[in-house]
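Before any comments, here is the structure.
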Amino acid sequence: MDVQSKGQPLKDPESPSDPVPKNPRGKSFRLSWFQIGGILGVLVLLIAGGIWVVFRFPQGMHFFSPSGAQRGAGFYQGLAEFDELLTQNPDLDKPDVPLRLNRALDALGKKSFGLESSLSLLKRRRFLAYKDPRFLEPYQKAVHHVLEAFPFSEPIVALAAEELLFRDAPITEESTMRLTDYASRIAETELKPVALNLYILAGTFQDPLKAAAIPQIVSLFSVPLPVLPGERTRTYEELQVALAKDETLIRILQGDISGATIRIQELLQEAKTPDLTSELVQYAGAFFYDYGNPLRAAELFSQYSDEKSMSRQADALWLAGHRSGAQNLWTVLVSPNQAGTDVSDTAPEIKIASLYNLATTAQTSEEGIGYLDRLVAEAPDSHTVRVYGILRYTRLLDTPQSIRILEKEQGRNQPLIDLELLRRRRTGVSLDQTIAETWLLLNRYPTDERLYRWGAYFFDYQRRYTETAFLIKNARSYQVQGSWIPIHDSLHLLMEGHLEEAEERLTSILSENPIWQVPANMGLILEARRAPAAALEYYQRAAASVTETEAAAQVQFRIGHCLRILGRDRESRQAFERALELNPHYLNARLELQRLDTIF
């Protein structure tokens with residue numbers, strides 16, 4: 001590991017005991033700040049901090065005193081001589097000193113006899129590498145040589161990670177894999193911040209689910225970070241908060257909602273600066289809103305009087321059942337120049353959303369129409385909420401009025417408006433003409449999944465299964481995706497008698513897709529196989545999630561049918577009666593009830 005004596009040594013003002021030396025090559029090392037939901041990554045200084053924990057240089061040049069052990073007496077005597085030479089030549093300005101130092105380290109390397117002695121040599125090589133770039137390559141080779149000998153020594157792994165980071169900037173795909181491997185080898189308490197930082201630098205947290213799958217990942221957040229020399233208090237607090245927020249998200253993904261709740265409460269108590277307190281309050285409010293405590297969320301949002309916080313407070317109050325409080329806040333947000341708040345002229349996005357919320361929660365249709373009038377007039381033509389406002393508005397009017405309003409909105413490249421117009425015009429038009437207009441609509445918007453989904457439902461409802469099959473084929477050709485597509489595939493296989501293939505497809509999506517059609521179709525397959533008890537279980541699962549009244553009636557009918565086959569006539573009657581309650585015109589349910597009457 002010869003060091004070239006050519007070139008001038010770097011003039012580095014750092015003292016030998018400085019645990020965070022500068023990059024010896026003067027290379028700009030840039031750290032990407034990865035985010036999970038807007039959360040900051042970890043500073044690269046944590047790597048250096050971890051190495052500092054490993055080395056802990058005392059003041060002065062004599063890092064270690066010679067050991068009394070007989071086996072290492074020669075080795076440690078050599079270390080003492082090396083340290084003396086380095087102490088006498090701290091600036092490495094004599095031409096022969098770098099070469100002498102490197103040869104001395106090479107000779108000591110042949111005398112090293114274990115992990116401790118290898119670490120002693122690496123400490124000196126690392127110090128020289130940061131002092132003079134001519135020592136960098138020998139240091140790198142030494143790190144990899146020792147890592148091969150001690151692949152699971154955590155201090156050595158930390159050194160290898162540090163060497164990799166300062167050599168590979170920016171981080172490559174290969175170095176990303178090595179960083180992840182190094183991080184997985186670290187479990188020592190003092191080095192856990194290093195392991196956490198390696199995962200972040202490797203981009204692990206770009207995929208939160210991948211991060212949550214790492215064994216014992218939460219334990220990496222439990223160790224306080226080292227406060228490095230010269231680090232600003234504000235930066236350190238921001239870092240601590242960012243990591244704590246990361247931890248709560250990991251806990252959420254792992255299903256530990258109670259643990260995340262406790263950590264959120266701790267965060268609120270730990271924040272010291274106003275900016276961070278505000279950020280954490282908003283974060284905590286969003287957490288409680290999403291995870292079952294909207295009243296607590298409303299309480300947190302109420303601490304601020306800006307329009308965004310008021311809007312979120314209103315949403316939380318509505319979810320918590322305090323409807324009048326939510327409506328009062330929405331009313332404030334759509335009324336300009338409100339004294340006592342930070343709302344002078346509400347931002348358009350918030351105002352539009354508030355108008356829509358007021359319209360959908362209005363006590364009377366007249367009141368709702370009034371808010372929708374304002375929404376349609378004030379929102380930009382292409383705004384999504386304006387489109388939904390028009391759809392809701394026209395459904396409060398009779399068909400001729402609705403058609404006139406929708407026709408005025410044509411030509412603005414709004415597929416949902418065009419679909420609503422198609423649905424309104426169906427009255428008095430033949431089925432074949434409606435089917436033809438549906439295809440024209442799909443041709444105008446060939447990649448809009450919402451139109452394909454409605455078209456599949458419409459064709460199946462009209463028992464035009466050939467049209468549905470062609471629609472799904474067309475959707476796939478345009479790479480349109482949706483959970484409804486495999487469900488329709490399985491339904492058509494079922495109708496064609498391909499029970500095994502239909503069951504295979506439904507089973508593959510059953511765990512991923514909670515919609516009622518999946519267990520309902522599984523029930524049909526099991527009924528066809530004369531397994532009414534198993535079919536009943538699937539129908540009951542479907543009944544628990546179905547929301548459409550007519551579909552719910554059909555599911556209840558199938559439940560009644562299975563119960564009747566199983567000889568549970570009383571329960572069967574109750575299911576058929578429930579089906580008739582949901583759909584009074586359900587002829588099959590009425591016929592089954594009459595059949596049961598003849599039995600009794």
Side-chain angles (χ1 to χ4, degrees), residues 37 257 261 264 268 277-398 401-402 405-406 409 414 416-417 420 450 547-549:
I257 304 302
T261 303
I264 289 284
L268 292 172
T277 300
S278 175
E279 176 189 343
L280 287 173
V281 167
Q282 299 290 336
Y283 179 81
F287 169 80
F288 287 117
Y289 181 89
D290 290 336
Y291 290 95
N293 195 344
L295 198 57
R296 173 63 172 148
E299 178 187 350
L300 290 167
F301 290 132
S302 69
Q303 297 180 27
Y304 301 93
S305 57
D306 62 285
E307 57 195 27
K308 183 177 180 181
S309 297
M310 290 176 64
S311 176
R312 303 196 76 177
Q313 181 189 356
D315 293 345
L317 284 172
W318 180 267
L319 193 61
H322 295 267
R323 301 193 170 190
S324 60
Q327 289 172 322
N328 289 338
L329 286 172
W330 288 326
T331 302
V332 170
L333 289 168
V334 301
S335 304
N337 302 319
Q338 294 300 310
T341 72
D342 294 338
V343 181
S344 57
D345 191 8
T346 305
E349 287 291 330
I350 294 176
K351 187 174 185 178
I352 290 167
S354 298
L355 283 169
Y356 186 81
N357 289 337
L358 286 168
T360 57
T361 61
Q363 296 295 319
T364 65
S365 59
E366 292 78 9
E367 184 183 359
I369 288 173
Y371 286 120
L372 290 170
D373 273 333
R374 287 184 60 186
L375 171 61
V376 172
E378 297 181 25
D381 290 347
S382 59
H383 200 289
T384 302
V385 177
R386 182 179 185 275
V387 172
Y388 286 118
I390 290 172
L391 296 179
R392 179 171 287 274
Y393 185 35
T394 55
R395 289 172 186 176
L396 295 174
L397 307 174
D398 58 35
Q401 285 180 293
S402 299
I405 293 172
L406 293 168
E409 297 293 326
Q414 293 293 345
L416 293 182
I417 296 291
E420 186 70 13
R450 298 167 298 180
T547 56
E548 299 90 344
T549 302

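Note that these values count all heavy atoms, side chains included, but never hydrogens, waters or copies made by symmetry.
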Looking at [atom1] of [X] and [atom2] of [Y], how far apart are the two atoms once the value is rounded to the nearest 0.5 Å?
{"X": "Y356", "Y": "L372", "atom1": "OH", "atom2": "CG", "value": "8.0 Å"}
{"X": "I417", "Y": "L391", "atom1": "CD1", "atom2": "CG", "value": "4.5 Å"}
{"X": "L406", "Y": "Q414", "atom1": "CG", "atom2": "CD", "value": "12.0 Å"}
{"X": "H383", "Y": "I352", "atom1": "NE2", "atom2": "CD1", "value": "4.0 Å"}
{"X": "Q303", "Y": "Q282", "atom1": "CD", "atom2": "CD", "value": "9.0 Å"}

Please find the pair of heavy atoms, one from [X] and one from [Y], that lie closest to each other, and give the distance.
{"X": "A286", "Y": "F301", "value": "N-CZ, 3.6 Å"}
{"X": "L317", "Y": "G325", "value": "CD1-C, 4.0 Å"}
{"X": "Y289", "Y": "A297", "value": "N-CB, 3.6 Å"}
{"X": "G368", "Y": "A362", "value": "N-CB, 3.5 Å"}

Handout entry: Steps toward side-chain contact (heavy atoms from CB on, under 4.5 Å) verdict (L333, E307)
Key = CA-CA 7 Å; L333 289 168; E307 57 195 27; 3.9 Å; yes
Practice task
Can you tell me which residue pairs pass the side-chain hydrogen bond (donor to acceptor under 3.5 Å, both in side chains) test with a partner in residues 313-328, sequence neighbours excluded?
Solution key: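 Passing the test, one end in residues 313-328: Q327-T361.
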Can you tell if the side chain of [X] reaches within under 4.5 Å of the side chain of [Y], non-hydrogen atoms only?
{"X": "L416", "Y": "I390", "value": "no"}
{"X": "I350", "Y": "K308", "value": "yes"}
{"X": "L268", "Y": "L300", "value": "yes"}
{"X": "Y304", "Y": "M310", "value": "no"}
{"X": "R386", "Y": "P380", "value": "no"}

Exercise for the section: Return yes if a side-chain donor-acceptor contact under 3.5 Å exists between Y371 and N357, otherwise no. Expected result: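 No - no donor-acceptor pair under 3.5 Å links their side chains.
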Has [X] got a side-chain atom pairing as donor or acceptor with [Y]'s backbone, closer than 3.5 angstrom?
{"X": "S402", "Y": "T394", "value": "yes"}
{"X": "T261", "Y": "I257", "value": "yes"}
{"X": "S302", "Y": "E299", "value": "yes"}
{"X": "S309", "Y": "S305", "value": "no"}

Problem - Test log, rule side-chain contact (heavy atoms from CB on, under 4.5 Å), inputs Y393 and L375 - result: CA-CA 10 Å; Y393 185 35; L375 171 61; over 6 Å; no
Practice task
Kindly determine whether T384 and Y388 satisfy side-chain contact (heavy atoms from CB on, under 4.5 Å), including the steps that lead there.
Solution key: CA-CA 6 Å; T384 302; Y388 286 118; 3.3 Å; yes
Problem - Criterion side-chain contact (heavy atoms from CB on, under 4.5 Å) on K351 and R374, from CA distance to verdict - result: CA-CA 10 Å; K351 187 174 185 178; R374 287 184 60 186; 3.7 Å; yes
